[in-house]
Protein chains: 2
Amino acid sequence: MSEERPRRSDGTRAAILRAARERFAADGYERATIRAIAADAEIDPSMVMRYYGNKERLFAAAAEFDLRLPALSGVPEEEIPAVLVGHFLDRWEGDETLMALLRAGVTNPAAAERMRQIFATQLGPLAERLAPDEPHTRAGLVASQVLGLALCRYVLELPPVVAMDRADLISWLAPTVRQYLLGPRPGGPKVP
Amino acid sequence: MSEERPRRSDGTRAAILRAARERFAADGYERATIRAIAADAEIDPSMVMRYYGNKERLFAAAAEFDLRLPALSGVPEEEIPAVLVGHFLDRWEGDETLMALLRAGVTNPAAAERMRQIFATQLGPLAERLAPDEPHTRAGLVASQVLGLALCRYVLELPPVVAMDRADLISWLAPTVRQYLLGPRPGGPKVP
DNA sequence: CCTTCAGGTCAACAGATGTTGGCAAACGAA
DNA sequence: TTCGTTTGCCAACATCTGTTGACCTGAAGG
């Protein structure tokens, strides 16, 4: 079916995508203009339209994202939280896709929906495998702490959060993630 | 000096400010247009410029914010985290200023700087009074969890985070805040 | 060779945006 | 009343936005 043969324009396509990710990550959805992205990729703005249709679809292509959660099968339970926090830090610093998603998701409804999908399909299953009860709630709590750290460290750049090194962050966050994912429900069982 | 006598236009000024807060909170800095704000306030866009100079100063006026941290002097130490989490939830749901700050701060450098100032002047002192060591780091961690919750619950609207009620949130977050503010440094003392 | 067609540039469009200046009406002090 | 000030609206500006279509260019296939 989708026999994707290599095209002569693949280089340009890739350059556009790379520039788009950078701009969306740095400026958010509305301030990242097609013209600026095209200038970074050193091509004409109309090429962006030809290859990606419109700005929304360009963003969708640039914000394709895989959390790449590690297997965790051989990891002892006590070490899982630290491994997870370290992995999240890697994913944040590895490329700019997550930053683009966060910066855009705050003001663009489509980007927010994309984040909800990633949460549901890529983080939810992890919690279902680990958490004894209320896995979705627990996954949401982990997301709140991890996204909050990224917000404070990479977006708002609160000085003390920027100053912490990787080991500090893992030491502080791992117990929190452990409580959220594996700990007992605080405040007694839910009585509705 | 600044003898501020009441003016006939105070009502208009207030209407502009209220509309500005709503729009900035709902749309972020760039998508909240002067024209839309003026339409909400049912006045002419040029009035916004007359009374607030330009968009940046309008935002500065609309994003004036006081965390209003409670005194905590009579509160026993074990209850401080829960009281704090409850207070933050109140401040988020009370008016739209925090939402405006968050949505704008993610894409607008001036708004981000404002958030850093609020953090430094209004949350820092609290940590200095409570935390035995590294108060700024601890304040930063609390900010990461509280802002992360707000991000997931009010901005991204991750379903499980939206679904939790106030008591749930306090039960889950208070232990985390307690560890960050009052708990021992995890992973042993810092050896630089 | 000629034909075809994808890759790429240029100029322009319609609409929205922040911002400005002019002008009319209402108000308050004299 | 009269006069200056405040309050408000209207029209316009320059610029930037996403987007479009006409046109050129070079390579590949016959």
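Residue numbers start from 1 in every chain, and the chains themselves are labelled A, B, ... in the order their sequence lines are given, proteins ahead of strands.
Atom pair B/R23:CZ and C/dG18:P shows a separation of 12 Å (rounding to whole Å applied). Counting to the nearest Å, the P atom of C/dT20 and the CE atom of B/M49 are 5 Å from each other. Atom P of nucleotide C/dT19 and atom CD1 of B/I34 are separated by 6 Å, given to the nearest angstrom. At whole-Å resolution of the value, CG in B/L58 and P in C/dT19 are 10 Å apart. Distance CG (A/D44) to P (D/dT20): 14 Å, rounded to an integer number of Å. Residue A/N54 contributes atom CG, which lies 17 Å from atom P of D/dT17 at whole-angstrom precision. We find that CE of A/M47 is positioned 12 Å from P of C/dA6, with the value rounded to whole Å. The CD1-P distance, from B/I37 to C/dT17, rounds to 11 Å in whole Å.
The phosphate of D/dG8 (OP1 or OP2) has a side-chain N or O of B/Y51 nearer than 4.0 angstrom. Contact check, B/S9 against D/dT7: a side-chain N or O comes under 4.0 Å of OP1 or OP2.
Inspection of the A/E30 and A/T107 side chains reveals an N or O donor paired with an N or O acceptor under 3.5 Å. A donor and an acceptor atom, one from each side chain of B/Y154 and B/E93, are located under 3.5 Å apart.
Picking from C/dG8, D/dG18, C/dT17 the nucleotide with the shortest atom distance to the side chain of A/T12 gives C/dG8.
Toward the 5' end of DNA chain C, the nearer of the two residues B/R8 and B/E30, judged by each one's closest nucleotide, is B/E30. Between B/R35 and A/K55, the residue whose closest nucleotide on DNA chain D is further toward the 5' end is B/R35.
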Please walk me through it: do A/R166 and A/D90 pass salt bridge (charged side-chain N to carboxylate O under 4.0 Å, His left out)? CA-CA 10 Å; A/R166 182 188 170 89; A/D90 290 342; 2.8 Å; yes
Evaluate A/L126 against A/L84 for side chain to side chain contact (heavy atoms under 4.5 Å, CB included), listing each step before the verdict. CA-CA 11 Å; A/L126 172 86; A/L84 277 179; 3.9 Å; yes
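At a threshold of 4.0 angstrom between heavy atoms, the contacts of B/Y52 with the nucleic acid are absent. Nucleic acid contact for B/S46: base, since at least one base atom lies under 4.0 Å from a heavy atom of the residue.
You'll find a donor-acceptor pair under 3.5 Å spanning the side chain of B/R50 and the base of D/dG8, going by distance alone. Interface remark: the A/R7 side chain does not form any donor-acceptor pair with the C/dG7 base, using a distance-only criterion of under 3.5 Å.
Looking at B/R23, its side chain never comes within 3.5 Å of a backbone N or O of B/T33 through a donor-acceptor pair.
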